[in-house]
*Asks:* 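What follows is a structure written as C-alpha cells; I'll ask about it next.
Below, all heavy atoms of this structure are taken into account, side chains as well, without hydrogens, waters or symmetry copies. Small disclaimer: the values here were computed from a predicted structure and weren't measured. Naming convention: chains lettered A, B, ... in sequence-line order (proteins, then strands); numbering from 1 in each chain.
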Amino acid sequence: NPYAGLVSHLRAAWLSGKTRPMEYRVAQLEALGRFLDEKKQEILEATALDLGKPSFEAYFTEILLCKNELNDTLNNLSHWMKDEHVCKNLATQLDSAFIRKDPYGVVLIIAPWNYPIHLFLVPLIGAIAAGNCVIIKPSEIAKNTEKLVAETLTCYLDSDCFAVVTAGVPETTKLLENKFDYIFFTGSPSVGRIVMTAAAKHLTPVTLELGGKNPCYVSDNCDVHNVARRVAWGRFFNAGQTCVAPDYVLCSLEMQEKLMPALREAITEFYGSNPKESPDFGRIIGDKQFRRIRALLCSGRVAIGGQTDEKERYIAPTVLADVQPSDPAMQEEIFGPILPIVVVANMDEAIDFINARPRPLVLYAFSCDSKVVNQVLERTSSGGFCGNDTLMHMMLTSLPFGGIGNSGLGMYHGKFTFNTFTHHRGCLHRSMGLEAINAPRYPPYSQQKLGVLTTATEIKRRGMCTLL
Amino acid sequence: MPGRAGSQGAEQEASGFVALSQRLRKGRGCLRPPTPTATPSRAPQGHLCCSPRFGSCALQPNLCEAAIPHVTHPRRCLGTMETGSVLPQPSSTSGVGNSTEDDGSGRKGSVDGDAVSGNPYAGLVSCLRAAWLSGKTRPMEYRVAQLEALGRFLDEKKQDILEATALDLGKPPFEAEFSEVLLCKNELHETLNNLAHWMKDEHVERNLVTRLDSAFIRKDPYGVVLIIAPWNYPVILLLGPLIGAIAAGNCVIVKPSEMTKNTEKLMAEALPSYLDKDCFAVVTAGVPETTKLLENKFDYIFFTGSPSVGRIVMTAAAKHLTPVTLELGGKNPCYVSDNCDVHNVARRVAWGRFFNAGQTCVAPDYVLCSLEMQEKLLPALREAITEFYGPNPQESPDFGRMVGDRHFQRVQALLRSGNVAIGGQTDADTRYVAPTVLVDVQPSDPVMQEEIFGPILPFVTVANVEEAIDFINNRERPLVTYAFSSNDKVVNQVLERTSSGGFCGNDTLMHVMLTSLPFGGIGNSGLGMYHGKFTFDTFTHHRGCLHRGMGREALNAPRYPPYSQQKLGMVRAVSELKRKGACTLL
C-alpha cells in the first residue's frame with residue numbers, strides 16, 4: 001500500500017507521546033492561525049478560481065469562522081483537557097475516579113470542495129487540540145485550493161505528525177485500506193457508505209458529515225420580505241453549494257403567491273438585475289456538476305431566473321414554482337442555486353412530507369407563531385434545526401453540528417470537535433491497601449456478604465414526586 | 001399472552017426446517033399481534049421459511065442450531081455470508097472526495113428507506129417505526145413508566161434470572177444477583193433519578209448577532225434501535241443498553257444471545273409482557289436470522305460481542321449509515337510492579353479473572369510482571385484460589401462453568417501454553433475448567449493469540465515497566481488496562497503511556513461498577529461508550545437548534561449582498577470570537 005509508510009511514520013510519532021503535551025498542541029494551533037493570517041490572500045484567490053467564490057463569502061466562511069473555532073479552542077483547551085472527576089459510590093469513596101481525555105492516535109480527515117478550507121481546518125483544529133496525528137486529504141475537485149493546502153500548510157505544522165495527502169478516487173480507496181484510529185469524512189451519503197464500510201474492517205470510529213435535502217417550511221403567518229431575504233441568502237450563498245442550504249420550500253399556495261414577488265425583489269436587491277454580472281454570486285465547481293444541476297431546471301415551472309452559461313458554469317439564482325414531489329429537483333440534494341417550491345395544504349402535511357423522506361441535515365421553519373416553529377421541531381427529526389432564519393445555527397461554536405440518518409453521524413464544532421477526536425477513558429485508581437473493604441465481594445459467597453456489597457454499591461431511587 | 005406461543009423446547013429435536021419456522025414464529029410471538037395496517041407485510045412470515053434462500057439455511061441444522069450460533073465467535077458463518085459485501089465495490093467509489101454526488105439511494109424506501117422487500121423482519125421494523133413516528137415514546141411519563149416496568153421485571157423475575165443463568169453458565173447466585181440484577185437496578189435508578197434533568201434542552205452561549213434568540217441542544221431520540229446482546233452477562237448486557245434506549249425515547253428491538261438458551265427464553269417470554277409491545281420487541285435469532293435482521297435500516301445499533309462479528313455489524317450498518325456502538329472484547333493486560341502488597345494483588349486479580357469462570361470482557365487476561373514478582377505471586381494466588389473456592393473448586397458452588405461445548409474445547413486447548421502452575425483440571429461433561437495459572441508463557445503461545453474468556457491466567461515476564469508498556473503498545477488496544485503498584489507514579493505512567501478503553505489501578509473490574517464512568521473500548525476493543533448518563537447520550541441525537549425572531553431584520557442587513565468592506569467589518573464585529581490573553585493558557 002502506497003500510504004502504509006506514511007501511516008506508520010505518523011503512528012510512531014504518536015506513540016512517542018510527542019503530541020500529548022498541551023504546549024505542543026497550542027503551538028500547532030497557533031501555527032494554523034498564522035497560516036490563516038499569512039495565506040489569507042492566497043485562500044481568497046484559490047477559492048475564487050475554484051468556485052468563483054465572492055471574497056466576502058470566502059473571508060467570512062473560510063477564514064473568520066475558522067478563526068472563531070481556533071480561538072474558541074485555544075481559549076478553552078486547558079479546561080477541556082483536564083481530567084473530569086466523577087461521583088463515586090461507597091465502595092470507591094477513598095479512590096480516584098476520573099475521565100481521562102486521551103487522543104485516539106492517527107486520524108484521517110477527508111474534506112469536500114464546497115468550503116475547501118473551512119471543512120478541513122475545523123476538524124483539523126479539534127484533532128490537533130485532542131492530541132492526535134493527522135492525515136488531511138483535501139478535495140481534488142477544488143484544484144487550486146488543494147494545491148495551496150498541499151504546498152503551504154505543511155510548512156506551518158510539524159511534519160512528523162501532520163501530513164497532507166492529495167489523492168483522487170483510486171488513491172483515496174488505497175488510503176482507506178490503512179488502519180486509522182478515527183476517520184472524519186465530509187461528503188455525500190454514497191461515499192459516506194464506502195468510507196464507513198472501509199472503516200468497519202479496522203473497527204475505526206467515524207464521523208460522517210453528509211448532505212441532505214433540507215426542507216424549509218414557511219407558514220402563512222410570516223413577514224414575507226424577511227423570509228424571502230433570509231431564504232434567498234441561505235440558498236444562493238456560495239451559489240447554492242452549501243450542505244446546510246435550504247433545499248426546497250414547503251408552503252401553501254397563497255404563501256407561494258406572496259413569496260414569489262418578495263423573492264424576486266430580494267434577488268434583485270442582492271445581485272442586481274443581471275446576477276451574472278454581480279461580483280457577489282459564485283459559480284458551479286465543475287462541468288459535471290453544472291450539467292447535473294442544469295438538468296434539474298426542467299422541474300415545475302421557472303418563476304425566477306433559469307438562465308445558464310456553460311462556459312462560465314453560471315446558473316442564475318432560480319426559483320421553481322409548482323414543483324411535484326416526483327420531479328427531478330426533488331429526487332436529490334440540489335447543491336446549486338435553485339429553489340423549488342412544493343405546495344402543501346398546511347403544517348401537518350408539511351410535517352408528513354418531511355417525515356416521509358430521509359432525515360435532513362437541518363430543518364428550517366418560518367413562522368411568527370412560535371408554536372408553529374416548535375411543532376415542526378418536535379414532530380420531526382433532523383441533524384440541526386433553525387427557526388426563522390437559514391445557515392445561522394452553524395455559526396455558533398456552542399451548538400453541535402452534524403447529521404442523522406442519511407445526513408450523517410457524529411457531531412462537531414467548538415468543544416464537540418475536541419470531544420469527537422478524544423477517547424473518554426474511564427479511569428479508577430484504587431489504593432493498594434484497605435483490603436477489608438473488598439472482603440464482601442470475594443468467595444466463598446454468603447447472603448451476609450451480598451448484603452454488605454449491596455449497601456456499598458447500591459444506587460437508590462429518589463422520591464417519585466420529584467420526577468413526575 | 002401471545003409471547004408464549006410456539007416456544008416449547010420441542011424445537012431442539014425438530015428438523016432444521018421445522019426448528020427455523022418455529023423460531024420465526026416464536027420471534028413473532030414475542031411481538032404484539034399484527035395491527036391491521038401492518039398485516040400485508042407481516043402476515044406471510046410463515047411462508048418466508050419456504051423461500052429458497054431461507055430454506056437452504058434451514059436445511060443445514062448444524063448451521064442454524066448447534067455449531068455456529070455463538071454470538072461472540074461466529075466468524076465462519078457470518079463471515080462467509082458477508083465477506084463479499086465487506087469490500088467497497090470499485091465501481092461505486094466514483095465519488096470519493098466529491099461532496100454532492102448522492103446516488104439518492106436513501107430515498108427509495110418508504111419512510112427513511114427502511115423497507116427491505118422480502119425480509120422477515122421488515123414488517124416488525126416498520127411497525128416500530130410507525131410507533132416511533134407517532135411520537136408515543138417522547139413524553140417523559142411514557143419513558144418513566146416503561147423503565148419502572150423494567151424494574152418490576154427485575155424484581156418479579158429475579159428468581160427466574162438466577163435460575164436461567166445458573167442453567168446456562170453455572171453462574172453462582174451471588175454473582176448473578178450482583179452483576180445481573182443489582183448493577184442493572186443501579187443503572188435503572190440512576191436513569192430514573194436523573195432523566196428529567198438529562199432530557200432538558202441545554203441552552204448554550206450565543207454571539208452578538210444571536211443574543212436575542214434562543215440557542216439550545218434538543219435531546220432527540222434516534223428512532224428505532226437494535227440491541228444485540230452477548231451470552232456472558234445475558235441480562236445486564238441486554239437491559240443496560242435497553243434502559244438508555246428507552247430513557248432517550250426510542251423504539252427498540254432487543255436480540256438476546258441464542259447461546260444462553262434459558263435466559264433467551266426467559267427474555268423472549270417474560271420481558272414483552274412488561275413493556276409496550278407497540279414499541280419494544282424481543283427477537284430470538286441465530287446467525288442466519290441475525291444476518292437478515294441486520295439488513296433492515298435501524299437508526300442506531302448497539303452491539304456487544306466479538307471484534308470479528310463487530311466488523312460484520314458495522315459493515316451492515318454502513319449500508320444504511322447507521323451509527324453504532326460496538327462493545328467488544330480484548331486481551332486486557334495486568335501489569336504488576338515489584339512494589340506491591342502481593343496478597344492483595346493476588347486476591348484482586350484472582351477475583352477479576354475467575355468471576356463468572358473468566359467469561360468477563362473486562363477480566364484481566366494476562367499478567368505482566370518481573371520474574372521475582374511471579375515467584376512471589378504464585379503462592380499468593382494459590383492461597384487466594386483456595387480461600388475462594390476450597391481445595392477442589394469443582395465442588396465449590398461459587399465457581400461457574402463454560403457456556404457451551406465448543407467454547408469449553410477452545411478454552412481447554414489454551415491450557416497447552418507454557419506450564420500449568422496452578423489448576424489445569426477440566427471436565428468436559430460439566431464444562432468445568434479449574435481456576436488455572438500458567439507460567440513461562442511466550443508471547444507466541446496460543447493463549448496469547450486470542451482473548452481467553454475462561455478461567456486461565458497466563459504470566460508473561462517482563463524486565464520492567466518500560467518493557468511492559470512496550471508489550472502493551474505493540475498489541476491491539478484492550479478494553480481495559482490494569483496496573484498494580486504501591487507507587488502512584490508507576491500506575492500513572494502506565495495510564496499515560498498506553499491507550500485502552502478504560503483503566504483501573506490497583507484493582508480489577510471495579511471501574512465498571514461506577515455508573516459515572518464511561519465504559520467502552522477503543523480500536524479492537526470497540527467504539528462508543530455507555531453506562532449511566534453516557535447510555536442516555538448514546539441513544540440521543542444532540543440536535544443543535546437556533547430559534548430566531550421573525551423581525552429585527554436590520555441586524556441581518558450586513559450579511560446580505562451586495563457585499564462591501566463596511567458590511568464585512570460589521571459581520572466580523574458581531575460574530576467574531578476573540579482569543580483571550582495567552583498568559584492564562586500557558
*Asks:* Let me know if Phe484(B) has heavy atoms under 4.5 Å from chain A in its side chain, its backbone, both or neither.
*Replies:*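 Both parts, heavy atoms under 4.5 Å.
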*Asks:* Counting N and O atoms only, with roles assigned by atom type, does the side chain of Arg461(A) sit under 3.5 Å from a partner on the main chain of His189(B), one being a donor and the other an acceptor?
*Replies:*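 The answer is no, because no donor-acceptor pair under 3.5 Å joins these two groups.
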*Asks:* By a 4.5 Å heavy-atom criterion (distance strictly below it), what part of His429(A) contacts chain B: side chain, backbone, both, or neither?
*Replies:*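 Interface part for His429(A): both.
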*Asks:* Just so I understand: if I count every heavy-atom pair under 4.5 Å between each of Leu328(B), Leu495(B), Asp341(B) and chain A, which residue has the most?
*Replies:*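 Answer, by heavy-atom pair count under 4.5 Å with chain A: Leu495(B).
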*Asks:* Heavy-atom distance under 4.5 Å to chain B: side chain of Thr204(A), backbone, both or neither?
*Replies:*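 Contact with chain B involves the backbone of Thr204(A) alone.
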*Asks:* Heavy-atom pairs under 4.5 Å with chain B are the metric here; pick the option from Arg100(A), Lys88(A), Gln447(A), Lys179(A) that has the most.
*Replies:*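 If we count pairs closer than 4.5 Å to chain B, Arg100(A) comes out on top.
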*Asks:* Measure distances from Leu15(A) to the heavy atoms of chain B and classify the residue's part below 4.5 Å as side chain, backbone, both or neither.
*Replies:*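 Just its side chain gets close to chain B.
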*Asks:* What part of Asn556(B) gets within 4.5 angstrom of chain A, counting heavy atoms only: side chain, backbone, both, or neither?
*Replies:*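 The side chain, not the backbone.
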*Asks:* Closest heavy-atom contact between Ser575(B) and Leu64(A)?
*Replies:*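 Minimum heavy-atom contact is OG-CD2, 3.7 Å.
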*Asks:* Rounded to the nearest 0.5 Å, what's the gap from OH on Tyr563(B) to CZ on Phe60(A)? Could you check?
*Replies:*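 The distance works out to 9.5 Å.
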*Asks:* Using modelled atom types and a 3.5 Å cut-off, is there a donor and acceptor pairing between side-chain atoms of Asn71(A) and backbone atoms of Leu577(B)?
*Replies:*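 It does hold such a pair.
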*Asks:* Is it true that Arg543(B) and Ser382(A) share a donor-acceptor pair across their side chains at a distance under 3.5 Å?
*Replies:*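 Distance-only check passes for Ser382(A) and Arg543(B).
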*Asks:* Taking every non-hydrogen pair under 4.5 Å, which of Gly310(B), Gly551(B), Gly151(B), Gly520(B) racks up the most with chain A?
*Replies:*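 Looking at each option in turn, the highest pair count goes to Gly551(B).
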*Asks:* If I measure from the heavy atoms of chain B, does Asp102(A) come under 4.5 Å with its side chain, its backbone, both, or neither?
*Replies:*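 When you check distances to chain B, only side chain atoms of Asp102(A) fall under 4.5 Å.
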*Asks:* Look at the aromatic rings of Tyr560(B) and Trp233(A) and report parallel, tilted or perpendicular, splitting at 30° and 60°.
*Replies:*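 Rings of Tyr560(B) and Trp233(A): perpendicular, over 60°.
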*Asks:* Which atoms of Asp181(A) come close to chain B, meaning under 4.5 Å heavy atom to heavy atom: side chain ones, backbone ones, both, or neither?
*Replies:*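 Only the side chain of Asp181(A) comes within 4.5 Å of chain B.
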*Asks:* So, for Leu514(B) and Ala97(A), which heavy atoms are closest and what is the spacing to 0.1 Å?
*Replies:*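 Shortest heavy-atom contact: CD1-CB, 3.8 Å.
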*Asks:* Name the member of Glu269(A), Met395(A), Met394(A) that forms the most heavy-atom pairs with chain B at distances under 4.5 Å.
*Replies:*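 Counting heavy-atom pairs under 4.5 Å, the top option is Glu269(A).
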*Asks:* Looking at Ile217(B) and Ser398(A), what are the two nearest heavy atoms and their distance?
*Replies:*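 Shortest heavy-atom contact: CD1-O, 4.5 Å.
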*Asks:* Given heavy-atom pairs under 4.5 angstrom as the criterion, report whether the side chain, backbone, both or neither of Glu69(A) touches chain B.
*Replies:*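 Contact with chain B: none, neither part.
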*Asks:* Side chain, backbone, both or neither: which part of Leu182(B) has an atom under 4.5 Å from a heavy atom of chain A?
*Replies:*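 Just its side chain gets close to chain A.
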*Asks:* Ignoring hydrogens, what is the shortest heavy-atom contact between Leu546(B) and Leu396(A)? Give both atom names and the distance.
*Replies:*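 Looking at all heavy atoms of both residues, the closest pair is CD1-CD1, 4.1 Å.
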*Asks:* How long is the gap from CG on Leu203(A) to CD1 on Ile522(B), to the nearest 0.5 Å?
*Replies:*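 Reported to 0.5 Å precision, the distance equals 12.0 Å.
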*Asks:* With a 4.5 angstrom heavy-atom cut-off, is it the side chain or the backbone of Val209(B) that approaches chain A, or both, or neither?
*Replies:*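 Answer is side chain: those atoms of Val209(B) sit under 4.5 Å from chain A.
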*Asks:* Supply the atom-to-atom distance Leu183(B) CG to Thr457(A) OG1, rounded to the nearest 0.5 angstrom.
*Replies:*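 It is 6.5 Å, given to the nearest 0.5 Å.
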*Asks:* How far does CZ of Arg579(B) sit from NZ of Lys67(A), to the nearest 0.5 angstrom?
*Replies:*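 Between Arg579(B) CZ and Lys67(A) NZ, I get 10.0 Å after rounding to 0.5 Å.
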*Asks:* Answer with side chain, backbone, both or neither: which region of Asp213(B) has an atom nearer than 4.5 Å to a non-hydrogen atom of chain A?
*Replies:*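 Answer is neither: Asp213(B) stays 4.5 Å or more from chain A.
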*Asks:* Please look at Pro54(A) and chain B and tell me whether the side chain, the backbone, both or neither of the residue comes under 4.5 angstrom of a heavy atom of that chain.
*Replies:*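 Contact with chain B involves the side chain of Pro54(A) alone.
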*Asks:* Set out, in order, the CA-CA distance, both residues' side-chain angles and the distance that settles side chain to side chain contact (heavy atoms under 4.5 Å, CB included) for Arg462(A) and Asn194(B), then state yes or no.
*Replies:* CA-CA 9 Å; Arg462(A) 273 188 241 126; Asn194(B) 297 290; 3.8 Å; yes
*Asks:* Quick one: closest heavy-atom pair of Ser486(B) and Met432(A), and the distance?
*Replies:*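 Shortest heavy-atom contact: OG-CG, 3.5 Å.
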*Asks:* For chain A, which candidate among Val313(B), Val345(B), Val204(B), Asn344(B) shows the most heavy-atom pairs at distances under 4.5 Å?
*Replies:*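 Counting heavy-atom pairs under 4.5 Å, the top option is Asn344(B).
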*Asks:* If I measure from the heavy atoms of chain A, does Ala317(B) come under 4.5 Å with its side chain, its backbone, both, or neither?
*Replies:*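 Its backbone and side chain both get close to chain A.
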*Asks:* Among Phe503(B), Phe388(B), Tyr222(B), single out the residue with the greatest number of heavy-atom pairs under 4.5 Å to chain A.
*Replies:*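 Heavy-atom pairs under 4.5 Å are most numerous for Phe388(B).
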*Asks:* Taking Asn75(A) for its side chain and Lys578(B) for its backbone only, find out whether a donor-acceptor pair lies under 3.5 Å.
*Replies:*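 The answer is yes, because a donor-acceptor pair under 3.5 Å joins these two groups.
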*Asks:* Side chain from CB out, backbone as N, CA, C, O: work out which of these in Pro518(B) comes under 4.5 Å of a heavy atom of chain A, or both, or neither.
*Replies:*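 Both parts, backbone and side chain.
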*Asks:* What residue in Tyr300(B), Phe355(B), Tyr389(B) has the most heavy-atom pairs under 4.5 Å with chain A?
*Replies:*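 Max contact count across the listed options: Tyr389(B).
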*Asks:* Kindly write out the residues that satisfy salt bridge (charged side-chain N to carboxylate O under 4.0 Å, His left out) with Asp389(A), not counting sequence neighbours, or none if the list is empty.
*Replies:*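 Applying salt bridge (charged side-chain N to carboxylate O under 4.0 Å, His left out) to Asp389(A) gives Arg548(B), Arg559(B).
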*Asks:* With a 4.5 angstrom heavy-atom cut-off, is it the side chain or the backbone of Ser370(A) that approaches chain B, or both, or neither?
*Replies:*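 Contact with chain B involves both backbone and side-chain atoms of Ser370(A).
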*Asks:* If I measure from the heavy atoms of chain B, does Phe236(A) come under 4.5 Å with its side chain, its backbone, both, or neither?
*Replies:*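 For Phe236(A), there is no contact with chain B at all, as no heavy atom is under 4.5 Å.
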*Asks:* Side chain, backbone, both or neither: which part of Ser564(B) has an atom under 4.5 Å from a heavy atom of chain A?
*Replies:*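 It is the backbone, since no side chain atom gets that close.
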*Asks:* I'd like to verify something: which residue of Asp280(A), Asp95(A), Thr92(A), Leu409(A) has the highest number of heavy-atom pairs under 4.5 Å with chain B?
*Replies:*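 With the most close heavy-atom pairs to chain B, the winner is Asp280(A).
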*Asks:* Under 4.5 Å heavy-atom distance to chain A, tell me which part of Thr210(B) shows up: side chain, backbone, both or neither.
*Replies:*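 For Thr210(B), the contact with chain A is made by the side chain alone.
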*Asks:* Please classify the contact between Phe98(A) and chain B as side chain, backbone, both or neither, with a heavy-atom cut-off of under 4.5 Å.
*Replies:*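 Both backbone and side chain.
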*Asks:* Output the option from His542(B), Arg348(B), His547(B), Arg497(B) having the highest count of non-hydrogen pairs under 4.5 Å with chain A.
*Replies:*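 Maximum pair count with chain A is reached by Arg348(B).
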*Asks:* Examine whether an atom of Ser55(A) lies under 4.5 Å from a heavy atom of chain B, and if so say whether it belongs to the side chain, the backbone or both; otherwise answer neither.
*Replies:*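 Contact with chain B involves no heavy atom of Ser55(A) at all.
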*Asks:* Hey, could you give me the CG/CG distance between Leu428(A) and Leu509(B), rounded to the nearest 0.5 Å?
*Replies:*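 Spacing of CG (Leu428(A)) from CG (Leu509(B)) equals 11.0 Å.
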*Asks:* So which of Gly387(A), Ala266(A), Gly336(A) has the biggest tally of heavy-atom pairs under 4.5 Å with chain B?
*Replies:*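 The candidate making the most pairs under 4.5 Å is Gly387(A).
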*Asks:* Where on Glu496(B) is there a heavy atom nearer than 4.5 Å to chain A: the side chain, the backbone, both, or neither?
*Replies:*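 When you check distances to chain A, atoms from both the backbone and side chain of Glu496(B) fall under 4.5 Å.
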*Asks:* Is there a donor-acceptor pair under 3.5 Å between the side chain of His541(B) and the backbone N or O of Gly383(A)?
*Replies:*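 Between the backbone of Gly383(A) and the side chain of His541(B) there is a qualifying donor-acceptor contact (under 3.5 Å).
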*Asks:* Counting only N and O atoms by type, is there a donor-acceptor contact under 3.5 Å from the side chain of Arg229(A) to the main-chain atoms of Glu553(B)?
*Replies:*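 It does not hold such a pair.
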*Asks:* For Tyr271(A) and Pro561(B), which heavy atoms make the closest approach, and how far apart are they?
*Replies:*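 Looking at all heavy atoms of both residues, the shortest contact is CE2-CG, 3.7 Å.
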*Asks:* Identify, with sequence neighbours excluded, every residue that meets salt bridge (charged side-chain N to carboxylate O under 4.0 Å, His left out) alongside Arg572(B).
*Replies:*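 If we apply the salt bridge (charged side-chain N to carboxylate O under 4.0 Å, His left out) test to Arg572(B), skipping adjacent residues, the hits are Glu576(B).
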*Asks:* Does Lys460(A) offer a backbone N or O that forms a donor-acceptor pair with the side chain of Asn193(B) under 3.5 Å?
*Replies:*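 Yes; at least one donor-acceptor contact below 3.5 Å.
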*Asks:* If I take atom CZ from residue Arg311(B) and atom NZ from residue Lys201(A), how far apart are they, to the nearest 0.5 angstrom?
*Replies:*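 Between atom CZ of Arg311(B) and atom NZ of Lys201(A) there are 11.0 Å.
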*Asks:* Chain A heavy atoms under 4.5 Å from Met529(B): which part of the residue, side chain, backbone, both or neither?
*Replies:*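 Contact with chain A is through the side chain of Met529(B) alone.
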